*Asks:* 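Quick one: the structure is below, and I'll ask about it shortly.
If you're wondering where the values come from, they're calculated on a predicted model, not measured in any experiment. Order of the sequence lines sets the chain letters (A, B, ...), proteins ahead of strands, with each chain counted from 1.
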Amino acid sequence: MRIGYPCVNETLDCTSTSTFRLASYTDERLELTVANNLRCLLQILEWNVAHGLLFFRIGSGVVPFGSHPINTFPWQTRFAAEFRAIGDYVQAHSLRISFHPDQFVVLNSPDASIVERSVQELVYQGSMLDLMGLDSTHKLQIHVGGLYNDRELAISRFIATYQRLPEAVRVRLVIENDDRLFSLHDCLRVHAAVGIPVLFDNFHHECLNHGETMAEALRLAAATWHPTRDGVMMMDYSSQAPGERKGKHTPTLEDNLFEGFLRDLGDLDVDIMLEIKDKEASAHRACATLRGAGLLPGVPAPAAT
DNA sequence: ACACGTCAAGCGTGT
DNA sequence: ACACGCTTGACGTGT
């Protein structure tokens, strides 16, 4: 089992997704920014290893405008060595990497140009994994997309687009149940049609479900991951922010809820991404809970920073 | 030095 | 028709 957090390390003064405005795009600016982002990315991964956090979601903005036509800089060749070094580090320490392209990636849009831009964004993010030399156990996670007043048609459009994706994207793509439109049940139907793994989000499942218990839901999702091709199931973990609007993520890990979740998990192996606002602070507490339950080996005591 | 309006992209909901 | 949340920082202009 690995524990991770998304995109940003709040302890280090180093970010892997610094960017600039489209209006101020130049190749020089791009080159400088990517160089700095990759330097910080490696630094964050090193910090994670030192703290026993072996799962990390890399932000979409490592290469600013990575799928935008304005960006014709050959960053793939210019930074081949840096990407490779990061991939080597990931493999040397058995880290797991994911990407979560954001809401603009909609594979089931009825608008062909939106689908085309979405595919280009997935190609960009998948190519970073290729450049790192990482296999298909490292994933790109997206949602099924929009509803467009016709669930069946929306699902069938997703399936049709999925089948046309470039191989490098298709082998890495996974779908996550969302909190309002496409439930675990919907994702399982897409899986049944094309074999795409389902990345389970426990909090979204609490918001939108068809009566499956948490323990059942976890096992249904786990069964969609092919052990060698996809690796151990990945999931997102969060819980409701107390007193806030339904669906809002908690600002910090609630240890008692997490312990209850671990009971539902039972003996299932899973890599857990903590989608919690205070990032690595909660990830630390999750690790402590897991070590207490004997589910994680001991790690070096967190170094003062 | 600091404040704050704004930033590539989509969708559904609420007013 | 339009603003908002999603996820949030931080860019970049103006003072």
*Asks:* Between Y237(A) and F203(A), does the ring centre distance come in under 6.0 Å?
*Replies:*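 Ring centroids of Y237(A) and F203(A) are no less than 6.0 Å from each other.
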
*Asks:* Within this structure, what is the CE-to-C1' distance between M273(A) and dT7(C), rounded to whole angstrom?
*Replies:*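 Checked: the CE to C1' distance equals 14 Å.
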
*Asks:* Can you confirm if the aromatic rings of F182(A) and H143(A) lie within a centre distance of less than 6.0 Å?
*Replies:*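 Ring centroids of H143(A) and F182(A) are no less than 6.0 Å from each other.
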
*Asks:* Pull out every protein N or O sitting under 3.5 Å from an N or O of nucleotides 6-9 of chain B, one pair per line with the distance.
*Replies:*
{"from": "dT6(B)", "atom 1": "O2", "to": "R21(A)", "atom 2": "NH2", "distance (Å)": "3.1"}
{"from": "dC7(B)", "atom 1": "O2", "to": "R21(A)", "atom 2": "NH1", "distance (Å)": "3.4"}
{"from": "dA8(B)", "atom 1": "OP1", "to": "L22(A)", "atom 2": "N", "distance (Å)": "2.7"}

*Asks:* Heavy atoms only: give me the nearest H191(A)-I196(A) pair and the separation to one decimal.
*Replies:*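 Residues H191(A) and I196(A), closest heavy atoms: ND1-O, 2.9 Å.
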
*Asks:* For S113(A), check side chain to side chain donor-acceptor pair (under 3.5 Å) against everything at least two apart and list the hits.
*Replies:*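 So S113(A) forms a side chain to side chain donor-acceptor pair (under 3.5 Å) with D111(A).
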
*Asks:* Reckon H249(A) has a side-chain N or O less than 4.0 Å from the OP1 or OP2 of dT7(C)?
*Replies:*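 For dT7(C), OP1 or OP2 has a side-chain N or O of H249(A) closer than 4.0 Å.
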
*Asks:* Could you work out the separation of dG10(B) and dC11(C) based on their C1' atoms and round it to a whole Å?
*Replies:*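 Those two atoms are separated by 23 Å.
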
*Asks:* With a 4.5 Å limit on heavy-atom distance, are the side chains of D255(A) and T289(A) in contact?
*Replies:*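 Yes. Closest side-chain heavy atoms under 4.5 Å.
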
*Asks:* Just checking N256(A): does its CG atom have more than 12 heavy atoms from other residues, nucleotides or ligands closer to it than 6.0 angstrom?
*Replies:*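 Yes, CG of N256(A) has more than 12 neighbouring heavy atoms, counting only those of other groups under 6.0 Å.
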
*Asks:* Between dT7(C) and dA1(B), how far apart are the P atoms? Round to whole Å, please.
*Replies:*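 Nearest-Å result for dA1(B) against dT7(C) at atom P: 36 Å.
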
*Asks:* Nearest-Å distance, NZ (K248(A)) to C1' (dT13(B))?
*Replies:*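 Going from NZ in K248(A) over to C1' in dT13(B) covers 17 Å.
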
*Asks:* What is the separation between atom CG on L274(A) and atom C1' on dT7(C), rounded to the nearest whole Å?
*Replies:*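 Those two atoms, CG and C1', are 16 Å apart.
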
*Asks:* Under 4.0 Å, heavy atoms only, any strand: does I70(A) hit a base, just the sugar-phosphate, or nothing?
*Replies:*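 Nothing: the residue I70(A), judged by heavy atoms under 4.0 Å, touches no strand.
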
*Asks:* Quote, to the nearest angstrom, the P distance that separates dC4(B) from dT8(C).
*Replies:*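 Straight-line distance between the two P atoms is 22 Å.
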
*Asks:* Quick check on the 6.0 Å ring-centre criterion: do H93(A) and W47(A) meet it?
*Replies:*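 Not close enough - the centres of the two rings lie 6.0 Å or further apart.
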
*Asks:* More 5' along DNA chain C: E10(A) or R29(A), using each one's nearest nucleotide?
*Replies:*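 The 5'-side residue here is E10(A).
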
*Asks:* In whole angstrom, give the distance that lies between atom NZ of K277(A) and atom C1' of dT8(C).
*Replies:*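 It works out to 7 Å between those atoms.
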
*Asks:* Measure from CG on L147(A) to P on dG10(B) and round the result to the nearest Å.
*Replies:*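 It works out to 18 Å between those atoms.
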
*Asks:* Once side chain to side chain contact (heavy atoms under 4.5 Å, CB included) is applied, do any residues pair with S183(A), and if so which ones, sequence neighbours excluded?
*Replies:*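 If we apply the side chain to side chain contact (heavy atoms under 4.5 Å, CB included) test to S183(A), skipping adjacent residues, the hits are H185(A), D186(A), L208(A), H210(A).
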
*Asks:* If we count only N and O atoms by modelled type, under 3.5 Å, do the side chains of Q125(A) and S60(A) hold a donor and an acceptor together?
*Replies:*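 Yes.
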
*Asks:* Under 3.5 Å between N/O atoms: give me all the protein pairs with nucleotides 13-15 of chain C, atom names plus distance.
*Replies:*
none

*Asks:* Within the 4.5 Å heavy-atom criterion, are R96(A) and T137(A) side-chain neighbours or not?
*Replies:*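 Touching, per the 4.5 Å side-chain cut-off.
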
*Asks:* Hunt down any stem DNA chain B takes part in, defined as 3 or more consecutive Watson-Crick or G-U pairs whose two distances are each under 3.5 Å.
*Replies:*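 The stems that DNA chain B takes part in, listed by first number, are B:1-7 with C:9-15, B:10-15 with C:1-6.
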
*Asks:* Are S109(A) and dC11(B) close enough that a side-chain N or O sits under 4.0 Å from OP1 or OP2?
*Replies:*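 The answer is yes; a side-chain N or O of S109(A) sits under 4.0 Å from OP1 or OP2.
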
*Asks:* Closest-nucleotide mapping onto DNA chain C: is S24(A) or Q103(A) further toward the 5' terminus? I mean the 5' end.
*Replies:*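 Here Q103(A) is the residue nearer the 5' end.
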
*Asks:* Using the P atom on both, measure dC2(C) against dT6(B) and round to a whole Å.
*Replies:*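 The same atom, P, in both gives a distance of 16 Å.
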
*Asks:* Where along residues 151-159 of chain A does a heavy atom come under 4.0 Å from DNA chain B, residue by residue in number order?
*Replies:*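 Going residue by residue through residues 151-159 of chain A, none turns out to have a heavy atom under 4.0 Å of DNA chain B.
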
*Asks:* Report yes if some heavy atom in the side chain of R117(A) is under 4.5 Å from a heavy atom in the side chain of S67(A); otherwise report no.
*Replies:*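 No. Closest side-chain heavy atoms not under 4.5 Å.
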
*Asks:* Verify the ring-centre separation between W225(A) and F200(A): is it less than 6.0 angstrom?
*Replies:*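 Here the rings of W225(A) and F200(A) have centres that are no less than 6.0 Å from each other.
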
*Asks:* Please say whether the positively charged group of R157(A), taken as NZ for Lys or CZ for Arg, lies over the ring of Y148(A), i.e. under 6.0 angstrom from the six-membered ring centre and within 45 degrees of the axis.
*Replies:*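 Output yes; distance and angle both within limits.
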
*Asks:* Find the distance D278(A):CG to dT8(C):P and express it as a whole number of Å.
*Replies:*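 Atom-to-atom, D278(A) to dT8(C), this comes out as 11 Å.
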
*Asks:* I want to check something: taking the side chain as every heavy atom from C-beta on, are L45(A) and F56(A) in contact at a cut-off of under 4.5 Å?
*Replies:*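 Yes, their side chains come closer than 4.5 Å.
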
*Asks:* Starting at atom OH of Y25(A), determine the distance to atom P of dC11(C), rounded to an integer number of angstrom.
*Replies:*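 The answer, rounded to whole Å, is 17 Å.
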
*Asks:* Take atom P in dC11(B) and the same atom in dA10(C), then report the distance between them in whole Å.
*Replies:*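 Taking atom P in both dC11(B) and dA10(C), they lie 28 Å apart.
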
*Asks:* Is it possible for you to check whether R29(A) lies under 6.0 Å from the centre of the six-membered ring of F73(A), through NZ or CZ, and within 45° of that ring's axis?
*Replies:*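 The answer is no, since R29(A) fails at least one limit relative to F73(A).
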
*Asks:* Please give the distance between the P atoms of dA3(B) and dG5(C) as a whole number of Å.
*Replies:*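 23 Å, rounded to whole Å.
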
*Asks:* Whole angstrom is fine here: how far is it from CG in N9(A) over to P in dT8(C)?
*Replies:*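 My rounded result for the distance is 15 Å.
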
